[in-house]
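Data block below; observations after.
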Number of protein chains: 2
Amino acid sequence: MYQKKIANTLNCGSVLTKEVLHGKWKSTLLAGIAQGIQRPSAMQRMLPSATRRVLNVQLNELEHHGLVSKTIFPELPPRVEYHLTELGQSLLPVIEVMEQWGNAHRIELEHALARNLAELPD
Amino acid sequence: MYQKKIANTLNCGSVLTKEVLHGKWKSTLLAGIAQGIQRPSAMQRMLPSATRRVLNVQLNELEHHGLVSKTIFPELPPRVEYHLTELGQSLLPVIEVMEQWGNAHRIELEHALARNLAELPD
DNA sequence: CGGGATCCCCATAGATACTG
DNA sequence: CAGTATCTATGGGGATCCCG
């Protein structure tokens, strides 16, 4: 019988942070929401290569993790807005640090990652 | 990640950072190496639940990404040491920020992650 | 001691179609 | 416009065995 994957050692804080950010579009979504991109349709415009389903899945995860809140307006046409919670806002500086490090070392990183990441203009 | 289908948007720096840290044990490995745990056998002692193979895979990735350097001593018994490169050292503050955020919000996060695990499909 | 090679499971996420 | 259901498949990571 295949045993469940070895649980992550949650006593390591960085692993918790990685867990919360785990997902292909999460950091981008959080940054986008922080910048005012709050409606799903706008997010799709921001990330045209992400499917609606995946965005929904990740938004749901972000919501369940307490990083964003979801507001449904009972209108026609339907309107939904996502906002950062306090916890989500507290994560922004962390994303910002990651953002800066990634940008600062973009050249070296892209070279090293070149075999794994295809270039996409987006 | 799934770059063969849809490549990650590399114009987002945080995605680069996530790519580099992508892997179950990478942040722990980097922190360990920074603290002087440089030999594979020591890493296994530090992470007894990680298999040797996975540690090797992730160490190879870290090396390939330019975060660590590998030194092989042609001795008997064989000896190998990993050291942080400058790039790897520059990443330490980033991990530290993630570490602190994760620790600061441990309670809420563990609650949210546990709740997430409890949510099974109907 | 250190590092592969092989096999296998399942979580993430892509494509598509459908509902309200 | 927003969200869900089903299907598919890539690849991360676990177990195990074998080599220098």
Side-chain angles (χ1 to χ4, degrees), chain A residues 1-9 15 18-29 37-64 68 70-82 113 115-118 120, chain B residues 1-9 15 18-29 37-45 47-64 68 70-82 113 116-117 119-122:
Chain A
M1 181 99 187
Y2 188 78
Q3 196 172 354
K4 263 249 169 180
K5 288 186 180 179
I6 297 172
N8 257 316
T9 54
V15 175
K18 274 176 61 176
E19 272 298 313
V20 162
L21 285 176
H22 184 250
K24 189 165 180 176
W25 312 98
K26 288 219 187 127
S27 57
T28 314
L29 281 174
I37 301 178
Q38 290 156 345
R39 301 186 56 182
S41 52
M43 297 175 193
Q44 285 188 258
R45 254 174 274 124
M46 175 177 74
L47 300 169
S49 48
T51 63
R52 173 191 291 275
R53 176 190 157 290
V54 173
L55 289 186
N56 282 335
V57 168
Q58 306 214 346
L59 284 167
N60 284 337
E61 287 178 12
L62 289 174
E63 187 191 4
H64 287 147
V68 305
K70 180 179 182 177
T71 308
I72 304 176
F73 295 86
E75 307 172 348
L76 279 183
R79 187 158 64 99
V80 168
E81 284 186 5
Y82 290 89
L113 295 170
R115 319 164 189 191
N116 302 328
L117 291 174
L120 186 73
Chain B
M1 307 180 180
Y2 289 68
Q3 57 278 13
K4 291 201 174 176
K5 288 184 178 176
I6 295 181
N8 257 315
T9 57
V15 174
K18 274 177 60 177
E19 272 299 313
V20 162
L21 285 176
H22 183 250
K24 189 165 180 176
W25 312 98
K26 288 218 187 127
S27 57
T28 314
L29 282 173
I37 301 179
Q38 291 157 345
R39 301 185 58 181
S41 51
M43 297 175 194
Q44 286 183 73
R45 256 174 273 125
L47 300 170
S49 49
T51 63
R52 174 194 291 272
R53 175 192 158 284
V54 172
L55 289 186
N56 282 336
V57 168
Q58 305 215 346
L59 284 168
N60 284 339
E61 287 178 13
L62 289 174
E63 185 192 6
H64 180 252
V68 304
K70 180 179 181 177
T71 310
I72 304 176
F73 295 86
E75 307 171 350
L76 278 182
R79 187 158 63 100
V80 167
E81 284 186 5
Y82 289 89
L113 293 172
N116 191 41
L117 288 178
E119 285 184 3
L120 299 173
D122 297 352

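No experiment lies behind these values; they were computed from the predicted model shown. Protein chains get the first letters and strands the later ones, always in sequence-line order, with residue 1 at the start of each. Because only heavy atoms are used, hydrogens play no part in the values below, and waters and symmetry mates are left out as well, while side chains stay in.
- What separates CD of Q38(B) from P of dC1(C) is a distance of 18 Å, to the nearest Å.
- Comparing R52(B) and V54(A) against DNA chain C, the residue whose closest nucleotide sits nearer the 5' end is R52(B).
- Regarding contacts with the backbone of dA5(C), every side-chain N or O of N56(B) stays at 4.0 angstrom or more from both OP1 and OP2.
- Listed candidates were dG12(D), dG20(C), dG4(C). Nearest to the side chain of N60(B) is dG4(C).
- For K26(A) and dA11(C), the NZ to P distance is 15 Å, given to the nearest whole Å.
- Between the CG atom of L47(A) and the C1' atom of dG14(C) there is a distance of 15 Å, given to the nearest Å.
- Residue contacts shown for P78(A) include a base, since a base heavy atom lies under 4.0 Å away.
- For the pair M43(B) and Y82(B), the minimum side-chain heavy-atom distance is below 4.5 Å.
- Rounded to whole angstrom, the span from the CZ atom of F73(B) across to the P atom of dG2(C) amounts to 12 Å.
- A close approach under 4.0 Å does not occur between any side-chain nitrogen or oxygen of Y82(B) and OP1 or OP2 of dG2(C).
- Atom-to-atom, NE2 of H22(B) to P of dT10(D) comes out at 17 Å; the value is rounded to the nearest Å.
- Between dG14(C) and K24(A), a contact under 4.0 Å exists linking OP1 or OP2 to a side-chain N or O.
- Closest-nucleotide positions on DNA chain D for R79(A) and G23(B) were compared, and the one nearer the 5' end corresponds to R79(A).
- For the pair N60(B)/E63(B), a side-chain contact is recorded, criterion being any heavy-atom separation below 4.5 Å from C-beta on.
- The listed nucleotides are dA2(D), dG13(D), dC1(C); the one nearest the side chain of R53(B) is dG13(D).
- An OP1 or OP2 oxygen of dG2(C) is reached within less than 4.0 angstrom by no side-chain nitrogen or oxygen of K70(B).
- The interatomic distance linking L55(A) (CG) with dG3(D) (P) rounds to 11 Å, in whole Å.
- Look at R39(B) and you'll find a side-chain N or O under 4.0 angstrom from OP1 or OP2 of dG2(C).
- The W25(B) side chain lies nearest to dG14(D) when the options are dG3(D), dG14(D), dG2(C).
- In this structure, Q44(B) places its CD atom 9 Å from C1' of dG2(C), rounding to the nearest Å.
- OP1 or OP2 of dG13(D) has not a single side-chain nitrogen or oxygen of T51(B) nearer than 4.0 Å.
- Look at CD on Q58(B): it is 8 Å from C1' on dG13(D), rounded to the nearest Å.
- At a threshold of 4.5 Å between non-hydrogen side-chain atoms, the residues I72(B) and P78(B) do not count as touching.
- Remark: side-chain polar atoms of K18(A) are paired, donor with acceptor, to backbone N or O of L21(B) under 3.5 angstrom.
- L59(A) has its side chain out of reach of K70(A): every pair of non-hydrogen atoms, C-beta onward, lies at least 4.5 Å apart.
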